[in-house]
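Encoded as structure tokens, the structure appears first; notes follow it.
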Amino acid sequence: MAGEGRLKRIRNIGIISHIDAGKTTVTERILYYTGVSYKIGEVHDGQAVMDWMPQEQERGITITSATTTCRWRENEIHIIDTPGHVDFTIEVERSLRVLDGAIAIFSAVEGVEPQSETVWHQADRYHVPRIAFVNKMDRIGADLFAVLDMIVEKLGVKPLLMQLPIGTETDFTGVVDLITMKSYTFSQEDLGVTINAVDVAEAIKSEAIKMREKIIEAAADMEDGLAEKYLEDGELSSEEIQAALRKGVVAGKIVPVFIGSGLKNKGIQPLLDGVVDYLPSPLDVPPVEGINPDNGATETRVSSDSEPLAALAFKVQVDGGRKVTYFRIYSGILRAGEEVYNSRLRRSEKIARLLKIHANRKERIDSARAGDIAAAMGLKDTMTGDTLCDKEKPIFLESISLMEPVISMAIEPRTALDQEKLSDSLGKLTDEDPTLSVAVDTDTGQTIISGMGELHLEILIDRLKRDFNVSANVGKPQVVYRETVTEPSVSEIMLDREIAGQARYAKVSILLEPQERGKGVDVKSRIDPDVFPSKLIDAALSAMEDAALSGPILGYPLHDVKLRLISAEKRDSTSEEMAFAIAAGMAVKEAAKNGRPVLLEPIMVVDIVTPEEFMGEIIGDLNARGGHLRGIDTRGKIKDIRADVPLSKMFGYSTSLRSFSQGRATFSMRFSRYDRVEG
């Protein structure tokens, strides 16, 4: 299979959902039915192939995105199983950046949960076509059509049901395929490997025919001439329907919905058929775009072995002390032992080994081609988001969006022996995880690590001990605050003194004013560069940006402010960049003090799913924590409570919630915005 024929049979897909919707369970079945695994690993037993880290096995959750490859109907499917916990959203973000398609999994009982919405909108941002799988159809309380309504309401898309269930809840035995109009049940004697196909039972035939009409309507909307053909002939072939639906999925207009039970081994093979039939190959998605770093021109790379090399490094992992870099090849061929050009670093690095990854198992390969997801050893300085390309035809692909850390804690080595190991180990962990930041507090000398949440930092500390053998003491988690001003302030600074034996002069005026929440820091000049030296303006602007990193209250960075350089004055013999940088920095500090500064704190959107009998106590507790209720949705006897709560009040909340609800309520939270500290 060479060239285009090979690329047609590749699917690069991710599996995304809310925590505990069944991503890893479904992936384990996929590996079993495609022959990759000889047995099914269960999450609850800590035996799942894709959850290979000890921290994942102990907690029964996915922490890091795991990559694997399998084959189905002569197609090569590269799968990335992503985490569902909000603390590890970066793993979803960087996976979606390099994928051509995704399976979104929803629980038939809980439906579209908060993190489901988050990952869905992440996929929207990268224009990733999706199919959906409603899992847990065998569970008490499973309601397929309620889930479809939630998909419409919460995600704003029109789901297209491809199957009907045979039986409900614990009596769920199989599916009716609405294209072939056959009923499929799955033998439990061989873990669902044997599929029994029979005609659709009369009891549900009329409903199946009615639902099939909707599929044909959707297909006809995608393909000119199909509607007329259907009206003339009264029928369309399965191939015609699938080809038209595929066009709609690739365009992001259709979301086919499949159903089943991962845990009970039902409905997985038809889902694999859906991956092959509807999700795009590398040839179906638009050519990747990037910038030529030499001239700034926009260039494209078509998915082909014959095009110049273009690959995006989307993940870095330290394995046994060695750095492994995961990448997606968009065009060209990469061979082991070759040098590859990093367009960010503007230099070449050598590929020592090329690897095909299956969870934590690695297979050496000689080359990787367009459409492949693979890994390399030997890339010492390549980071997440870097582009690997042909030195003669350089390109810089769009990098990966990163999130700001919202929680931090102090960490210190227990012994002098651990000091160097701690620094080295934290360096490796920050290479792996772009949402982890490490800084030294200049006042206390403490090392501060910052991350996305309590669980995120807990896992990192655990990895330091287990993976890197570093003994460390840690402080309590601390919230990462910001500062802002509440009213405009103008500051004028004149610097006229001797520095390092030379007279220096600069005079600047800057305006500092507040702006809307979430707008960040905006630094600009109002001075005409034609009448004032641009190098002096640039020096002042750079110093203003640096000065905004430390506010006047507690030294936290300024946030949601505009900084404007409104005037400047120089003397030819004594004015140069250093003088303007010093004066501009002093002006920002003075303006911030005079602008009635206030502290901002991270506000989290907290989503709680609880039986209704515990709702009163939970809402009372949220109010006591300074929370503001956003709304309450009702699904039978289940309440979905959504509130804005300061992160500083959410430490230890999981323990409190378990106590209030006898362990029956669950919650998730994600960063919303920075807002003014109350009280």
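The structure places OG1 of T325 at 9.5 Å from CE of M377, a figure rounded to the nearest 0.5 Å. Taking CG from D149 and CD from E153, the interatomic distance works out to 8.0 Å, rounded to the nearest 0.5 Å. One distance of note links CG of D273 with CH2 of W72; it measures 6.0 Å at 0.5 Å rounding. How far CD1 of I373 is from CG of L99: 5.5 Å, rounded to the nearest 0.5 Å. To the nearest 0.5 angstrom, N12 atom CG is 8.0 Å from D372 atom CG. In this structure, the separation between CZ on F614 and OG on S659 is 10.5 Å, given to the nearest 0.5 Å.
Side-chain atoms of Q269 do not come within 3.5 Å of backbone N or O of Y33 as any donor-acceptor pair. Under a 3.5 Å cut-off, the side chain of R328 and the backbone N or O of S95 do not form any donor-acceptor pair. N135 places no side-chain N or O within 3.5 Å of a backbone atom of I105 that could act as its donor or acceptor partner. Although no hydrogens or angles enter the test, the distance criterion places a donor-acceptor pair under 3.5 Å between the side chain of D284 and the main chain of S281. No donor-acceptor distance shorter than 3.5 angstrom exists from the side chain of R71 to the backbone of T34, with no hydrogens or angles considered. A donor-acceptor pair under 3.5 Å is formed between the side chain of R246 and the backbone N or O of V276.
The side-chain hydrogen bond (donor to acceptor under 3.5 Å, both in side chains) check on E239 picks up nothing, with sequence neighbours excluded. With sequence neighbours left out, the salt bridge (charged side-chain N to carboxylate O under 4.0 Å, His left out) criterion links R11 to no other residue. Y653 pairs by the ring pair (Phe, Tyr, Trp, His ring centres under 6.0 Å) definition with F667, not counting sequence neighbours. Partners of E213 under the salt bridge (charged side-chain N to carboxylate O under 4.0 Å, His left out) rule, at least two apart in sequence or in another chain, do not exist in this structure. When the salt bridge (charged side-chain N to carboxylate O under 4.0 Å, His left out) test is applied to K253, no partner is found at least two apart in sequence or on another chain. Take N75 and apply the side-chain hydrogen bond (donor to acceptor under 3.5 Å, both in side chains) test, not counting sequence neighbours, and it matches no residue.
Applying the salt bridge (Lys or Arg N to Asp or Glu O under 4.0 Å) definition to pairs two or more places apart or across chains, those involving residues 137-147 are D138-K264. Legend: salt bridge (Lys or Arg N to Asp or Glu O under 4.0 Å) pairs involving residues 224-233, not counting sequence neighbours, sorted by first then second residue: K229-E240. Applying the salt bridge (Lys or Arg N to Asp or Glu O under 4.0 Å) test to every pair with at least one member in residues 107-117, sequence neighbours left out, gives these pairs: E117-R642. Here salt bridge (Lys or Arg N to Asp or Glu O under 4.0 Å) pairs that include residues 274-283, with residues two or more places apart or in two chains, are R73-D277.
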field: Steps toward side chain to side chain contact (heavy atoms under 4.5 Å, CB included) verdict (M615, I632)
entry: CA-CA 10 Å; M615 187 175 74; I632 302 171; 4.0 Å; yes
- request: Take R212 and E235 through the salt bridge (charged side-chain N to carboxylate O under 4.0 Å, His left out) test and state the conclusion after the steps.
  value: CA-CA 11 Å; R212 190 174 193 273; E235 188 52 85; 3.2 Å; yes
task: Give the intermediate values and the outcome of side chain to side chain contact (heavy atoms under 4.5 Å, CB included) for residues R29 and L271.
output: CA-CA 11 Å; R29 270 67 186 173; L271 176 63; over 6 Å; no
- request: I would like to know whether D633 and K639 meet side chain to side chain contact (heavy atoms under 4.5 Å, CB included); could you show each step before the answer?
  value: CA-CA 6 Å; D633 293 330; K639 300 289 184 181; over 6 Å; no
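Of the options V302, V288, L7, a side-chain contact (heavy atoms from CB on, under 4.5 Å) to P282 is made by L7 and by none of the others. Considering V255, V128, V112 in turn, V255 is the only one that fulfils the side-chain contact (heavy atoms from CB on, under 4.5 Å) rule with W120. Test I80, L96, T384 against F314 for side-chain contact (heavy atoms from CB on, under 4.5 Å) and you get one pass: I80.
Residues A208 and L178 come closest through the heavy atom pair O-CD2, 3.6 Å. Nearest heavy atoms, S367 versus I333: CB-CG2, 4.3 Å. Scanning both residues, T25 and L263, for their nearest heavy atoms gives CG2-N, 3.7 Å. Listed here is the closest heavy atom pair of G262 and V26: CA-CG2, 4.4 Å. Of all the heavy atoms in I179 and Q242, the pair that sits closest is CD1-CG, 4.1 Å. Residues F106 and A132 approach most closely at CE1-CB, 3.9 Å, considering heavy atoms.
A cation-pi geometry, defined here as NZ or CZ lying under 6.0 Å from the six-membered ring centre and within 45° of its normal, does not hold between K266 and F186.
Proximity of D177 to P270: side-chain heavy atoms (C-beta onward) are nowhere separated by under 4.5 Å. Taking the side chain as every heavy atom from C-beta outward, E363 and L355 never approach each other to under 4.5 Å. Taking 4.5 Å as the limit, some side-chain heavy atom of H456 sits within range of a side-chain heavy atom of L460. Within the 4.5 Å cutoff, no side-chain heavy atoms of T67 are placed close to those of K315. Residues L31 and H358 form a side-chain contact, since some pair of their non-hydrogen atoms from C-beta on lies under 4.5 Å apart. With contacts defined as side-chain heavy-atom distances shorter than 4.5 Å, the pair L334/F327 qualifies. Residues T68 and I30 have side chains not in contact (no heavy-atom distance under 4.5 Å, counting atoms from C-beta outward). Contact annotation: the side chain of L279 never approaches that of D100 to less than 4.5 Å [non-hydrogen atoms, C-beta and beyond].
A salt bridge between R130 and D124 is present, with a side-chain N of the basic residue lying under 4.0 Å from a carboxylate O of the acidic one. A salt bridge is defined here as a Lys NZ or Arg NE, NH1 or NH2 lying under 4.0 Å from an Asp or Glu carboxylate O, and E76 with R369 fails to meet this definition. A salt bridge links E93 with R125: at least one charged nitrogen is closer than 4.0 Å to a carboxylate oxygen. Contact check on K154 versus D640 returns a salt bridge, with a Lys/Arg side-chain nitrogen under 4.0 Å from an Asp/Glu carboxylate oxygen.
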For a quick test of your reading: what N or O donor-acceptor pairs under 3.5 Å do the side chains of residues 191-199 make, sequence neighbours left out?
residue, atom, partner, partner atom, Å
T194, OG1, D190, OD2, 2.3
D199, OD1, K182, NZ, 2.9

What pairs of donor and acceptor atoms, side-chain ones from residues 156-173 against any protein atom, are under 3.5 angstrom apart with sequence neighbours left out?
residue, atom, partner, partner atom, Å
Q163, OE1, I259, N, 2.8
E169, OE2, G141, N, 2.8
T173, OG1, I166, O, 3.4

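In the model, S261 has no side-chain atom that pairs as donor or acceptor with a side-chain atom of K136 under 3.5 Å.
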